[in-house]
S.K.: 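So that we are looking at the same thing, I have put the structure below in structure tokens.
Atoms within a ligand are numbered from 1 in the order they appear, just like the ligands themselves.
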Amino acid sequence: MPETLPLTVPNRATLLAIAAEVGTPVYVYDASVIRHAYRAFAEGLAPHPHAIHYALKANSTLALVRLLRSLGAQADANSGGEIEVALRAGFIPDQIVFTGVGKTADELDRAVSLGVKAINAESPGELDRIAARAVAQSTTVRVALRVNPDIDAKSHPHISTGLKTNKFGMPLEQVRQLYRDHARQPGLEPVALHIHVGSQITSLDPLRRAADRAVALARDLRGDGIQIEYLDLGGGLGISYDGTPVPTPAEYAAAILPAVRDTGFSIVVEPGRALVGAAGTLLTRVIDLKQYGDGLRFAVLDAGMTELMRPALYGAFHRVVPVSPREGAEQPYEVVGPLCESSDIFGHDRRLPPLEVEDVMAILDAGAYGSVMASTYNRRPLLPEVLIDGDAWKVIRRRQTIDELLSTEL
Ligand code: LLP
């Protein structure tokens, strides 16, 4: 496994300055990596009418959402909270699609009253509830139906969503009937189909097949007299966590565009990870080192599963590298967090140069599903975030204080 800092990670001096001034653990993002990734999607999709709706769930820190908006992105919100963040970041309702496997009455009311670009409905019951709320508000809502295409994304089972045994969407073969029975009621304007088959997908085949199925279904619906305006093909493109090559946004675009060419359907895509994942580094310090009699060597960091849950939750691999590697032979380390859980481990048997307490370490590719999935388990305050842009860097979220952590308790 490559264990050196890739070129995309900001220089060591900047990381050390941030660690010293802001303290660790801290998330650090590089704006240039986000810009680069966004442009790659935009250029790849340029031959076809499209909109790139950034999936806020990957990272919804306001400064990053604003950055993506400034680049031309629109928004994919997965909860009422993410809708509010999208609005505060400057998106207008017409730029927001609202997804979510279980939307509450309050969330639906808010989305209906805003008039979002579409609510992606997950069930016939939800279509009925959206219609009732739209009628009650004397308005009409644009809806998409989320289709479960029964495609294996071949990703981790926890983040594969397109199999017919998964809870997401409605079985493909029921969709025409559903549109006939539920989508043509007062209050609803059916405008799209929505498909999302999973996340961290590293083979283009499932994404291409999902696009094919969406197109075939949309043509059938057109035959039924239901005009589909666009196909929302979801997110899911993976990034390389271990240096193994993965498809680029350009290759992704080249894989899905043939399905929609000359169909008259524009497309929406909802990338999250592929836009922000590689841009983020979790900076942390070694706080303890110990070696057992049998030679097993532990490096305990001041970041743990509370700051980056992916390894504990999915067994996910993230490179961990010292920011200033010391001279000396590499040794195997168990790289662990400080929490009272054996799953709180970032790396098993990692070959690293000699480490000392207080060394600053970088956990790479942590920009997506890192900070947003942080928790305050063990009463650990939420960590700060820094954005590097060119030669400058600034704190975009400060560290939570213990008083803030306790502020909601009566
Ligand atoms: N659209 C929908 C409807 C989604 O459910 C998701 C992700 C996306 C778009 C964005 O997918 P992306 O392009 O980021 O793959 N916490 C997990 C990932 C969960 C993804 C959930 N849905 C992880 O850390 O790997």
Side-chain angles (χ1 to χ4, degrees), residues 34 37-38 40-41 51-60 64-65 68 73-79 82-83 86 96-103 117-122 144-149 153-163 166-170 192-204 206-207 210 214 231-241 246-249 252-253 256 267-280 282 305 307-318 346 363 365-375:
I34 297 177
Y38 184 82
F41 273 98
I52 300 169
H53 285 248
Y54 168 58
L56 263 69
K57 63 164 75 72
N59 191 320
S60 56
L64 299 190
V65 181
L68 279 152
Q74 304 192 36
D76 164 28
N78 222 75
S79 67
E82 285 186 355
I83 291 179
I96 302 172
V97 293
F98 179 31
T99 314
V101 89
K103 307 180 194 73
K117 173 162 163 172
I119 301 180
N120 295 336
E122 295 266 346
L145 197 62
R146 177 147 181 197
V147 180
N148 185 322
K154 300 213 164 59
S155 182
H156 190 283
H158 292 187
I159 52 174
S160 292
T161 52
L163 286 174
N166 293 139
K167 66 181 176 181
F168 301 91
M170 288 300 297
L193 288 175
H194 179 225
I195 284 191
H196 170 79
V197 293
S199 194
Q200 186 50 19
I201 300 174
T202 54
S203 145
L204 292 172
L207 296 161
L231 302 175
D232 182 338
L233 301 175
L237 184 65
I239 61 171
S240 179
Y241 286 98
V246 298
T248 63
Y252 164 72
I256 61 170
I267 57 167
V268 159
V269 290
E270 303 172 340
R273 186 188 320 262
L275 287 173
V276 295
L282 174 55
M305 63 193 287
E307 285 70 39
L308 179 63
M309 195 197 268
R310 304 192 68 259
L313 199 55
Y314 318 112
F317 178 88
H318 284 263
F346 288 117
I363 304 180
D365 303 307
Y369 308 107
S371 155
V372 279
M373 291 174 74
S375 82

S.K.: Using salt bridge (charged side-chain N to carboxylate O under 4.0 Å, His left out) as the criterion, list what pairs up with Glu82, not counting sequence neighbours.
M.R.: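 Expected list: none.
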S.K.: Pick from Ile52, Leu275, Leu56: which one makes a side chain to side chain contact (heavy atoms under 4.5 Å, CB included) with Leu68?
M.R.: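 The passing option is Leu275.
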S.K.: Please identify which atoms of ligand 1 are closer than 4.0 Å to at least one heavy atom of Ala55.
M.R.: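 Near Ala55, meaning under 4.0 Å from one of its heavy atoms, ligand 1 has 8 (C), 9 (C), 10 (C).
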S.K.: Within ligand 1, which atoms have a heavy atom of Ser199 less than 4.0 Å away?
M.R.: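 Reading through ligand 1 atom by atom, the close ones are 11 (O), 12 (P), 14 (O), 15 (O), 18 (C), 20 (C).
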S.K.: With atoms numbered from 1 as shown, which atoms in ligand 1 lie under 4.0 angstrom from a non-hydrogen atom of Glu270?
M.R.: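 So the answer, numbered in order with elements, is 1 (N), 2 (C), 3 (C), 8 (C), 9 (C), 10 (C), 13 (O).
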S.K.: Taking Asn120's backbone N and O only, do any of them form a donor-acceptor pair with Lys103's side chain (distance below 3.5 Å, no angle check)?
M.R.: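 Here the side-chain-to-backbone pair exists.
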S.K.: Okay, side chain of His196, backbone of Gly235: is any donor-acceptor separation there less than 3.5 Å?
M.R.: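 Such a contact is found between His196 side chain and Gly235 backbone.
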S.K.: With sequence neighbours left out, what residues match Arg146 under salt bridge (charged side-chain N to carboxylate O under 4.0 Å, His left out)?
M.R.: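 Result, salt bridge (charged side-chain N to carboxylate O under 4.0 Å, His left out) vs Arg146: Glu122.
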S.K.: Any heavy atom of Gly236 sitting closer than 4.0 Å to ligand 1?
M.R.: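 It does; at least one heavy atom falls under 4.0 Å.
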S.K.: Below 4.0 Å from ligand 1: does a non-hydrogen atom of Ala274 turn up there or not?
M.R.: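 Contact absent.
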S.K.: With heavy-atom distances below 4.0 Å as the criterion, list the atoms of ligand 1 near Met373.
M.R.: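 It comes down to these atoms of ligand 1: 16 (N).
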S.K.: Got a donor-acceptor contact below 3.5 angstrom from the Tyr54 side chain to the Asn59 backbone?
M.R.: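 Yes.
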S.K.: Please confirm whether Met309 approaches ligand 1 to less than 4.0 Å, judged on its heavy atoms.
M.R.: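 No, that is not the case, since the closest heavy atom of the residue is not under 4.0 Å from the ligand.
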